[in-house]
There are 2 protein chains.
Amino acid sequence: MKKSDRTRQDILDATASSLATAGYTATTVKSIAETIGMQDASIYYHFSSKDELVGEVLDIGTARAVTAVDQALAELPDEHDPREALRVAIMAHAEAVLGGGDYPRANVRTFGQLPPDLTQRHRQGHRNYGHIWTRLIDDGVESGAFRGDLNRSVARLIIIGALCWAIEWFDAGEEVSAAEVGEHVFQMVVNGLSVGEQESRTVSA
Amino acid sequence: MKKSDRTRQDILDATASSLATAGYTATTVKSIAETIGMQDASIYYHFSSKDELVGEVLDIGTARAVTAVDQALAELPDEHDPREALRVAIMAHAEAVLGGGDYPRANVRTFGQLPPDLTQRHRQGHRNYGHIWTRLIDDGVESGAFRGDLNRSVARLIIIGALCWAIEWFDAGEEVSAAEVGEHVFQMVVNGLSVGEQESRTVSA
DNA sequence: GATTAAATCTAGTACGCACTAGAAAAGTCA
DNA sequence: TGACTTTTCTAGTGCGTACTAGATTTAATC
């Protein structure tokens with residue numbers, strides 16, 4: 001029973017790594033088997049199909065991202081600035097997706113490439129993740145720290161978008177770290193690029 | 001010679017539409033042929049390969065996006081606020097990618113799904129597009145309108161990321177318009193979510 | 001209306017993919 | 001060691017893909 005668990009884990013790791021870097025289509029059962037020195041048919045002793053395997057990887061990915069953000073928020077003092085809450089959430093997400101392992105990255109990387117079944121399967125997970133951010137923004141607006149003239153759903157999606165798109169150009173080991181990306185997203189989204197005055201603050205919507 | 005040009009255009013349109021909604025892998029030569037009522041083999045009279053066809057669609061897409069942004073910037077008065085320049089560029093991009101046709105959307109949608117050849121082929125185009133935004137940010141920083149304590153490349157990619165990711169959730173005809181998305185991105189990225197003071201303005205990087 | 005050129009179709013090939021069946025090997029424990 | 005179970009391999013199937021060759025139809029020209 002030990003051997004099986006270990007190779008099963010190897011398969012999951014190899015799949016996560018491939019999904020994170022090559023995407024869904026380029027991640028073939030054969031290529032997964034090769035990276036761990038197996039025949040492709042052997043994969044099916046541990047998983048009944050490619051999509052079940054991929055689905056499990058994505059489940060782990062969302063779970064890790066949610067845990068990372070939840071944990072970061074839980075470590076905040078009871079009385080905290082909503083800006084600080086949004087900041088630690090952004091940092092946790094950036095670390096998980098850019099600095100962290102392949103699993104959360106696999107999630108973001110394969111977004112929009114998955115077959116309908118898998119997309120459907122992870123809908124609820126994504127929705128739950130979105131709720132975390134909705135709450136952060138709502139808290140800020142209600143406490144008066146954040147502007148109330150913006151659509152909160154759109155604001156949420158813009159923050160997540162800025163973070164998620166980063167994996168398309170982010171290269172670990174380059175001159176920019178995951179923490180720096182997070183810091184920049186926070187600064188731009190909360191404080192803005194503009195200095196001082198901000199006379200252009202009017203939204204037609 | 002007329003007939004050929006017309007069907008050629010039909011093929012391009014159908015491909016752009018499919019790429020924009022279904023992505024690269026799900027866009028098969030057969031499915032393209034079906035939507036315009038042809039046999040898949042007939043496609044090869046007009047294009048030598050799938051990737052040449054896709055490449056042409058993507059070329060048109062980048063060209064349209066660049067044109068849209070350039071044109072919007074050209075219509076600005078000679079003396080203008082750098083914030084206003086960034087604003088019209090963001091709005092033009094949002095309109096082109098979200099409100100506009102399938103061609104620019106195909107570009108964004110298939111980003112990260114393309115085979116290496118095609119990715120390579122469009123590298124320069126993407127780089128040129130990035131330069132437009134780099135210049136907008138540089139102008140703002142040099143004129144003192146934008147903060148100088150942020151990495152400009154990262155700032156640029158965050159803006160583009162927020163805009164590009166929007167197509168993953170944006171649905172034309174829903175309650176949010178392309179213009180509203182653009183307006184929100186501008187507001188958040190230039191003015192920030194936060195109200196007033198902004199005491200949290202320090203970057204460790 | 002006959003001749004030529006352009007455009008499309010029919011019928012296939014080759015290949016990579018996910019996946020299966022059953023034999024072989026490796027591991028487990030008396 | 002020997003009997004049994006777990007794990008992996010060999011060898012294959014069927015399907016969808018991009019793509020090709022040559023016949024056939026449609027359009028243009030004189």
Side-chain angles (χ1 to χ4, degrees), chain A residues 1-19 21-58 106 109-110 113-122, chain B residues 1-19 21-58 106 109-110 113-122:
Chain A
M1 290 189 185
K2 273 284 166 56
K3 183 81 193 308
S4 180
D5 290 353
R6 199 146 32 88
T7 45
R8 194 184 149 88
Q9 192 60 49
D10 287 346
I11 296 170
L12 285 168
D13 288 348
T15 307
S17 169
S18 178
L19 288 174
T21 59
Y24 178 81
T25 306
T27 298
T28 67
V29 177
K30 195 178 177 188
S31 75
I32 294 168
E34 264 168 14
T35 62
I36 57 175
M38 274 185 126
Q39 295 297 319
D40 53 345
S42 306
I43 301 281
Y44 291 88
Y45 177 77
H46 302 275
F47 299 90
S48 69
S49 75
K50 173 187 177 180
D51 282 359
E52 194 209 295
L53 166 56
V54 171
E56 196 158 323
V57 168
L58 298 179
R109 179 69 223 276
T110 60
Q113 312 183 10
L114 301 173
D117 290 0
L118 279 174
T119 305
Q120 183 66 28
R121 173 172 168 181
H122 289 82
Chain B
M1 290 194 187
K2 272 285 166 53
K3 182 81 192 306
S4 179
D5 291 351
R6 199 145 34 88
T7 45
R8 196 186 147 86
Q9 192 59 50
D10 287 346
I11 295 170
L12 286 168
D13 288 348
T15 307
S17 169
S18 178
L19 288 173
T21 59
Y24 177 80
T25 307
T27 298
T28 67
V29 177
K30 193 178 178 190
S31 76
I32 294 168
E34 263 169 14
T35 61
I36 58 174
M38 275 184 125
Q39 295 298 319
D40 52 344
S42 305
I43 301 283
Y44 291 88
Y45 179 78
H46 302 275
F47 299 91
S48 69
S49 75
K50 174 188 176 179
D51 282 359
E52 194 209 295
L53 165 56
V54 171
E56 194 158 324
V57 168
L58 298 179
R109 179 67 223 276
T110 60
Q113 312 183 8
L114 300 174
D117 291 0
L118 279 174
T119 305
Q120 184 66 29
R121 172 171 170 182
H122 288 82

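Convention: sequence-line order gives letters A, B, ...; per-chain numbering from 1.
Taking only side-chain atoms of B:Tyr45, from C-beta outward, the nucleotide of C:dC19, C:dA7, D:dT7 with the closest atom is C:dA7.
Rounded to an integer number of Å, the gap from A:Asp117 CG to C:dA18 P is 15 Å. Per the geometry, NZ belonging to A:Lys50 stands 14 Å off C1' belonging to D:dG16, to the nearest Å. Rounded to a whole Å, the CG atom of A:Asp51 is 7 Å from the P atom of C:dC19. D:dT20 atom C1' lies 18 Å from atom CZ of B:Phe47, rounded to whole Å. Distance B:Arg6 CZ to C:dA6 C1': 13 Å, rounded to the nearest Å. Rounded to whole angstrom, the span from the CG atom of A:Asp5 across to the P atom of D:dT8 amounts to 11 Å. A:Tyr44 places its OH atom 7 Å from the P atom of C:dT20, with the value rounded to the nearest Å. Atom CE of B:Met38 and atom P of C:dT8 are 3 Å apart (whole Å).
Here the closest non-hydrogen pair linking A:Leu118 and A:Gly55 is CD2-CA, 3.7 Å.
Taking side-chain N and O atoms only, A:His46 has no distance below 4.0 Å to OP1 or OP2 of D:dT6. Remark: B:Ser4 is not in phosphate contact with C:dA6, judged by side-chain N or O atoms under 4.0 Å from OP1 or OP2.
The closest side-chain heavy-atom distance from A:Asp10 to A:Thr35 is not below 4.5 Å.
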- Query: Going through the checks in order, is the side-chain hydrogen bond (donor to acceptor under 3.5 Å, both in side chains) test met by A:Asp13 and A:Gln9?
  - Reply: CA-CA 6 Å; A:Asp13 288 348; A:Gln9 192 60 49; 3.3 Å; yes
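Using a cut-off of 4.0 Å between Lys/Arg side-chain N and Asp/Glu carboxylate O, A:Glu56 and A:Arg8 are scored as salt-bridged.
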- Message: Protein within reach of the bases, or only the backbone? For nucleotides 10-15 of chain C, mark each nucleotide 5' to 3' as B, S or -, using heavy atoms under 4.0 Å.
- Response: BB----
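One distance of note links CZ of A:Phe47 with OG1 of A:Thr15; it measures 7.0 Å at 0.5 Å rounding.
The closest donor-acceptor contact from the side chain of B:Thr7 to the backbone of B:Ser4 lies under 3.5 Å.
For the pair B:Lys50 and B:Tyr24, the distance from NZ or CZ to the six-membered ring centre is under 6.0 Å and the angle to the ring normal is within 45 degrees.
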